[in-house]
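Order of listing sets the numbers, starting from 1, for every ligand and every atom in it.
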Amino acid sequence: VADVVIIGGAIMGSAVAYYLVGDCAFRGSVVVIERDPSYARASTALSAAGIRQQFSTPENVRLSRYGVRLLKDELKDRFGPDAEAGFREAGYLILASAAGRAVAEANNAVQRAEGADVALLDPGALAERFPWLSTDGLALGSLSLSGEGWFDAYGLMRVFRAAARAKGVDYVHAEAVGIERAGDRLVAVETTAGRIPAGVVVNAAGPQAGDVAAMAGIALPVEPRKRTVFTLACRDRPEGMPLLVDTSGVWARPEGEHVICGVSPPGADPRADGDFEPDHGLFEEIVWPALAARVPAFEAVKVVSAWAGHYEYNTLDQNAVLGPHPEVTNFLFANGFSGHGVQQAAGAGRAAAEWIAYGESRSLELSVFGYARIAQGRPVRELNVI
Ligand SMILES: Cc1cc2nc3c(=O)[nH]c(=O)nc-3n(C[C@H](O)[C@H](O)[C@H](O)COP(=O)(O)OP(=O)(O)OC[C@H]3O[C@@H](n4cnc5c(N)ncnc54)[C@H](O)[C@@H]3O)c2cc1C
């Protein structure tokens with residue numbers, strides 16, 4: 001028996017567990033069910049781990065800004081002097097052509113209203129600041145001056161997990177295979193290690209969140225979609241390179257002595273159950289031509305490796321589904337982040353924990369991400385999906 005059963009124990013499940021016992025001083029019992037404690041195929045382990053404030057929806061800016069605050073200011077206070085999550089505050093530079101100028105300016109206004117430190121640079125200023133960048137076809141670049149970059153997502157997951165376990169959360173190595181429901185209440189989770197009666201059930205199953213919701217007879221439009229990341233060796237790596245998002249949608253950033261990069265596949269983007277084979281064609285056809293045109297030093301790169309992971313893709317609007325189900329109120333979602341989940345895990349985990357402990361999200365107003373919009377088919381329009 002557990003007061004709270006969390007299905008999925010990677011960054012999202014572990015953040016919910018930590019904030020429950022470490023922040024909300026929840027006194028009930030918490031069990032996390034994780035089918036693969038090696039996390040080899042978890043999105044968290046295969047992520048590019050970028051963190052940005054450059055969204056178009058204020059709530060997305062807020063969620064990620066809390067992640068930045070945790071990484072920059074709160075990590076050691078909360079988790080002790082040895083806690084480390086490798087935050088590199090090197091920024092994001094999102095480029096826009098003339099066609100994208102109006103959207104970039106509107107987004108900038110939203111971001112600045114939320115307190116984000118983001119500047120719009122014209123091509124002259126871009127060329128001066130980033131001499132390695134070709135400004136051909138650019139109208140502007142949106143550059144964060146602080147509070148964006150990348151971090152060690154696996155490391156942050158371990159920090160949450162260790163802190164949750166130290167405060168009594170029980171991680172069970174098992175797969176959830178069914179959810180018992182009586183009317184509008186969930187009653188228990190069936191697992192490969194037995195049945196666990198539950199007061200509250202949290203869906204933190206990442207790309208499998210749709211499958212887990214279906215176990216409770218609830219439709220959730222979240223499914224695994226494959227994303228490939230390429231690791232490049234580059235002799236003249238651009239100096240002071242932020243995470244660059246080209247007008248083509250191709251992104252690239254430094255990683256140690258290498259550069260990593262990728263793009264969302266144009267066209268068909270089917271469910272990817274079990275498919276972790278990197279899509280090398282994407283590099284030849286889209287990523288490399290775009291990068292070589294934008295950063296001439298990248299004409300002479302070599303792919304040294306590649307990996308593929310799964311986005312937990314929300315097919316309605318590529319945004320989080322967060323908080324309790326409106327009718328089945330003891331079922332909570334922390335799902336559907338579609339490629340921005342590691343940076344939002346802290347904010348989302350804290351919000352989910354507050355819903356459980358206090359019946360409301362106290363630190364951030366996040367009702368825009370509630371399940372009600374899914375039921376009504378009413379998407380949240382986020383323009384900066386990378
Ligand atoms: C290539 C790539 C690049 C990305 N880049 C970024 C980025 O730059 N910035 C960013 O913020 N995000 C990024 N993301 C997205 C981010 O990785 C995810 O949003 C985040 O990791 C989701 O965390 P999660 O804990 O919900 O899911 P996961 O890490 O997938 O964890 C879900 C866990 O649930 C377990 N599970 C599933 N079903 C069951 C079951 N039935 N029973 C028990 N356990 C179960 C799984 O084993 C897994 O450990 C990227 C993702 C990919 C794939």
Side-chain angles (χ1 to χ4, degrees), residues 5-17 31-52 55 60 63-64 67-68 92 148-151 153-154 156-157 160-161 171-179 189-193 196 201-215 222 224-230 243 245 251 253 255 260-265 272-273 276 278-279 306-314 318-322 333-349 352 385-386:
V5 173
I6 300 171
I7 302 175
I11 201 162
M12 208 56 74
S14 296
V16 177
V31 168
V32 177
I33 302 170
E34 173 52 57
R35 65 180 180 183
D36 176 15
S38 82
Y39 299 103
R41 292 187 155 185
S43 303
T44 302
L46 300 171
S47 174
I51 182 160
R52 61 183 161 117
F55 290 93
N60 272 331
L63 267 175
S64 290
V68 173
Y92 267 60
E148 293 193 337
W150 49 91
F151 64 105
Y154 195 83
L156 182 61
M157 176 197 77
F160 284 140
R161 187 173 187 265
Y171 277 68
V172 175
H173 179 185
E175 181 164 356
V177 291
I179 294 177
V189 179
E190 305 281 356
T191 81
T192 47
I196 308 176
V201 178
V202 180
N203 185 348
Q208 272 64 54
D211 302 338
V212 165
M215 291 176 194
V222 175
R225 297 264 178 110
K226 188 165 81 172
R227 294 293 179 269
T228 303
V229 181
F230 304 94
L243 191 152
V245 184
W251 61 269
R253 72 154 170 87
E255 171 66 36
I260 62 171
C261 58
V263 71
S264 289
D273 301 272
F276 288 86
D279 183 351
W307 78 85
H310 291 169
Y311 269 19
E312 75 289 39
Y313 194 88
N314 174 347
Q318 295 85 61
N319 269 304
V321 182
L322 202 50
F333 306 96
N335 306 124
F337 296 86
S338 311
H340 50 265
V342 294
Q343 64 190 282
Q344 296 192 337
V385 177
I386 297 170

I'd like to check which ligand 1 atoms, numbered from 1 as shown, lie under 4.0 Å from a non-hydrogen atom of [X].
X	answer
V229	1 (C)
A10	25 (O), 28 (P), 29 (O), 31 (O), 49 (O)
Y39	49 (O)
V342	9 (N), 10 (C), 11 (O), 12 (N), 16 (C), 17 (O), 19 (O), 20 (C), 21 (O)
A204	32 (C), 34 (O)
Y311	2 (C), 3 (C), 4 (C), 50 (C), 51 (C), 52 (C), 53 (C)
Q208	37 (C), 38 (N)
P207	30 (O)

Would you call the rings of F276 and H310 parallel, tilted or perpendicular, taking 30° and 60° as the class edges?
parallel
Any donor-acceptor pair under 3.5 Å linking the side chain of [X] with the backbone of [Y]?
X	Y	answer
N203	A205	yes
H173	R35	yes
W307	F230	no
S14	G9	yes
T228	D279	yes
T44	A10	no
Q343	S64	no
R253	A48	yes

Any idea which part of A49 is under 4.0 Å from ligand 1, heavy-atom wise: side chain, backbone, both or neither?
backbone
Among all protein non-hydrogen atoms, which one is nearest to [atom], and what is the separation to 0.1 Å?
atom	answer
atom 42 (N) of ligand 1	A176 N, 2.9 Å
atom 34 (O) of ligand 1	G8 CA, 3.2 Å
atom 8 (O) of ligand 1	G50 N, 2.8 Å
atom 22 (C) of ligand 1	E312 OE2, 3.3 Å
atom 3 (C) of ligand 1	A48 N, 3.3 Å
atom 33 (C) of ligand 1	E34 OE1, 3.6 Å
atom 44 (N) of ligand 1	R35 N, 3.3 Å
atom 50 (C) of ligand 1	S47 OG, 3.5 Å

Rounded to the nearest 0.5 Å, the CD1 atom of I51 sits from the CG atom of L243 at a distance of 12.0 Å
L156 vs V342, side chain to side chain contact (heavy atoms under 4.5 Å, CB included): CA-CA, chis, key distance, verdict
CA-CA 9 Å; L156 182 61; V342 294; over 6 Å; no
From CA spacing to verdict: side chain to side chain donor-acceptor pair (under 3.5 Å), N335, N314:
CA-CA 8 Å; N335 306 124; N314 174 347; over 6 Å; no
Does [X], backbone or side chain, put an N or O under 3.5 Å from an N or O of ligand 1?
X	value
F337	no
Q343	yes
M215	no
G341	yes
I7	no
G309	no
S43	yes
T44	yes

Should A174 be listed as contacting ligand 1, given a heavy-atom distance under 4.0 Å as the test?
yes
Please step through side chain to side chain contact (heavy atoms under 4.5 Å, CB included) for the pair I6 and I33, ending with a clear verdict.
CA-CA 6 Å; I6 300 171; I33 302 170; over 6 Å; no
Please state which option from A334, G206, G349, A42 has its nearest heavy atom closest to atom 27 (O) of ligand 1.
G206
Please compare H340, R52, H310 and report which has the shortest non-hydrogen distance to atom 53 (C) of ligand 1.
H310
Under the side chain to side chain contact (heavy atoms under 4.5 Å, CB included) criterion, do I7 and V202 qualify, and how do the steps go?
CA-CA 6 Å; I7 302 175; V202 180; over 6 Å; no
Under the side chain to side chain donor-acceptor pair (under 3.5 Å) test, residues paired with R227 that sit two or more places apart:
S264, D269
Only counting residues at least two apart or in another chain, list the ones meeting side chain to side chain donor-acceptor pair (under 3.5 Å) with E34.
none
